[in-house]
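Predicted model, so just to flag it, every value in this text is computed and none were measured.
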Amino acid sequence: MSEHTATLDGEKPPITDTSHHTTPTNRRRHTLFAAANRIKPGMLSHWYAIPAIIVGLLFTLGPICVIIAFSFMSQPEVGGGVVYKFSTNAYKKLLFTTDFLGRTSFDPRYLKVFGTSLWQALITTFVCIVLSFFIALWMSLRKPSTQRLLVLLINIPFWTNLIVRTYAWMLILNENGPINGFLKFIGVGGKQLLYTSGASLIGLIFTFLPFAIMPMYSALSGFDFRLVEAAYDLGARKLTVMRRIILRAAKPGVTSAIALCFIPAFGSYVQPVLLGGGRVLMVGNLIASQFSDARNWPFGAALSTVILLVTLLCGVAASIGGGKAARDAGMAV
């Protein structure tokens with residue numbers, strides 16, 4: 001009656017909502033492929049990301065799980081590979097050794113290898129942080145067109161293979177290289193530069209310096225340098241400005257640079273082998289020898305697991321430190 005009256009009065013009849021009257025097929029399709037919340041037009045449901053997530057986990061966590069599982073396996077009596085029998089001998093070998101009479105004693109050899117790797121990684125990280133800070137600070141003070149050109153120049157080493165760049169340093173540091181040629185020219189005489197720990201450090205610094213410059217430049221490029229001028233106007237000294245304003249603004253970049261330099265430098269393989277000539281034994285070289293020459297896969301997997309734990313701890317520390325540094329930098333600005 002009301003609908004008929006509304007039609008006679010010239011008004012449009014009320015529209016009946018039929019959106020809820022869906023067929024079972026549409027309801028089933030909504031449950032399987034649509035999100036619980038309404039999504040914007042053109043966007044896909046989160047269910048469509050599941051295949052990509054599975055593939056990503058398979059190629060990231062899959063090898064890690066295999067390495068961890070191999071570290072708890074037994075070594076076969078002959079040949080490489082593993083015997084699928086649970087054992088913790090690989091981890092015991094990190095700290096202890098057993099002689100032919102069955103006597104177990106403490107063995108510091110592998111701890112020394114970890115110490116060498118830690119020392120080289122710390123020096124590499126420290127030098128990269130110092131150099132990248134001043135380079136990034138100088139870059140951030142240039143005009144925008146010059147900054148883009150400088151960023152391009154910093155990325156040029158990534159266009160060349162790492163092994164090729166390392167071989168280039170071998171040509172520079174050998175007995176007939178330009179450095180020894182210059183030393184002979186000034187009367188100092190040739191020096192043994194190649195196949196030393198110093199050569200390995202040079203290779204590590206050269207490799208990871210761009211990884212430190214980019215996050216440092218990212219932190220300083222958006223810094224408002226008018227704050228520095230205001231600090232000078234208020235009577236602050238140069239060291240005070242550097243310590244309380246510029247360094248505080250660069251803290252997020254410093255934290256990211258530490259993570260990007262220390263973690264890969266700790267397990268580096270190419271530079272100690274080619275530039276160190278095998279005289280600088282680091283964890284990466286030790287792992288490679290266990291899987292190739294010694295054919296002790298469980299022990300190599302145990303070393304890899306230890307490096308994984310160190311990397312994980314460093315990553316967590318960098319994440320916590322980076323968040324705190326970003327908050328401090330925001331408070332400073």
Side-chain angles (χ1 to χ4, degrees), residues 40 118-160 162 165 169 198 201-266 268 271 310-333:
K40 296 181 180 179
L118 179 63
W119 178 245
Q120 293 247 333
L122 287 176
I123 295 178
T124 301
T125 304
F126 176 77
V127 175
C128 288
I129 293 299
V130 173
L131 294 178
S132 63
F133 172 76
F134 290 104
I135 294 173
L137 181 61
W138 178 78
M139 290 174 56
S140 60
L141 293 173
R142 305 302 101 189
K143 58 184 181 180
S145 59
T146 305
Q147 291 184 26
R148 289 192 292 268
L149 177 61
L150 293 173
V151 170
L152 177 64
L153 294 176
I154 291 173
N155 288 318
I156 284 179
F158 296 113
W159 301 354
T160 309
L162 175 61
R165 286 180 280 155
W169 273 107
L201 274 175
I202 291 174
L204 290 173
I205 293 170
F206 172 77
T207 301
F208 297 111
L209 183 58
F211 292 95
I213 293 177
M214 295 310 298
M216 198 78 69
Y217 168 73
S218 178
L220 292 175
S221 60
F223 177 68
D224 190 357
F225 285 93
R226 291 179 297 178
L227 297 174
V228 177
E229 298 177 0
Y232 284 139
D233 292 338
L234 295 175
R237 298 180 179 180
K238 292 183 178 180
L239 291 178
T240 304
V241 172
M242 181 66 70
R243 178 175 57 87
R244 301 193 61 180
I245 298 179
I246 299 179
L247 282 177
R248 197 168 183 180
K251 275 186 177 181
V254 172
T255 306
S256 300
I258 291 175
L260 292 174
C261 292
F262 177 79
I263 294 175
F266 183 75
S268 294
Q271 297 83 3
V310 173
T311 302
L312 181 62
L313 293 176
C314 292
V316 172
S319 177
I320 296 174
K324 184 177 183 300
R327 292 190 296 269
D328 292 343
M331 293 173 60
V333 176

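Applying the side-chain hydrogen bond (donor to acceptor under 3.5 Å, both in side chains) test to Gln147 and every residue at least two apart in sequence or in another chain returns Tyr217. Residues passing the salt bridge (Lys or Arg N to Asp or Glu O under 4.0 Å) test with Arg237: none are found, sequence neighbours excluded. For Tyr232, the ring pair (Phe, Tyr, Trp, His ring centres under 6.0 Å) criterion is met by no residue, not counting sequence neighbours. Remark: Ile156 pairs with Leu153, Trp159 by the side-chain contact (heavy atoms from CB on, under 4.5 Å) rule, at least two apart or across chains. A search for ring pair (Phe, Tyr, Trp, His ring centres under 6.0 Å) contacts involving Phe158 returns Phe211, not counting sequence neighbours. Residues satisfying the side-chain contact (heavy atoms from CB on, under 4.5 Å) criterion with Thr146, sequence neighbours excluded, are Arg142, Lys143, Leu150.
Atom CD1 of Ile135 is separated from atom CG of Leu220 by 12.0 Å, given to the nearest 0.5 angstrom. For the atom pair CD1 of Ile154 and CG of Leu209, the computed distance is 8.0 Å after rounding to the nearest 0.5 Å.
The nearest pair of heavy atoms linking Met216 to Ala250 is SD-O, 4.1 Å. Closest approach of Ala259 to Pro264, counting heavy atoms only: O-CD, 3.8 Å. The minimum heavy-atom distance between Ala219 and Gly253, with the atom names listed, is CB-N, 3.7 Å.
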Inset, instruction - Could you check Ile213 against Met139 for side-chain contact (heavy atoms from CB on, under 4.5 Å), going step by step and ending with a plain yes or no? - result: CA-CA 10 Å; Ile213 293 177; Met139 290 174 56; 4.2 Å; yes
Legend entry - side-chain contact (heavy atoms from CB on, under 4.5 Å) evaluation trace for Ile263 with Phe208: CA-CA 11 Å; Ile263 294 175; Phe208 297 111; over 6 Å; no
Ignoring hydrogens and angles, write down the donor-acceptor pairs under 3.5 Å from the side chains of residues 122-134, residues two or more places apart or on other chains.
{"unit_1": "Thr124", "atom_1": "OG1", "unit_2": "Gln120", "atom_2": "O", "d": "2.7"}
{"unit_1": "Thr125", "atom_1": "OG1", "unit_2": "Ala121", "atom_2": "O", "d": "2.7"}
{"unit_1": "Thr125", "atom_1": "OG1", "unit_2": "Phe262", "atom_2": "N", "d": "3.4"}
{"unit_1": "Ser132", "atom_1": "OG", "unit_2": "Cys128", "atom_2": "O", "d": "2.7"}
{"unit_1": "Ser132", "atom_1": "OG", "unit_2": "Ile129", "atom_2": "O", "d": "3.0"}

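Among pairs with a residue in residues 204-215, those fulfilling side-chain hydrogen bond (donor to acceptor under 3.5 Å, both in side chains) read Thr207-Gln271, at least two apart in sequence or across chains.
Phe266 has its side chain out of reach of Thr311: every pair of non-hydrogen atoms, C-beta onward, lies at least 4.5 Å apart. In this structure, Pro144 and Arg148 have side chains that are in contact, with non-hydrogen atoms separated by less than 4.5 Å.
Side chain of Ser218 to backbone of Pro215: no donor-acceptor contact under 3.5 angstrom is found.
Within 6.0 Å of the CG atom in Leu234, the count of heavy atoms belonging to other residues, nucleotides or ligands exceeds 12.
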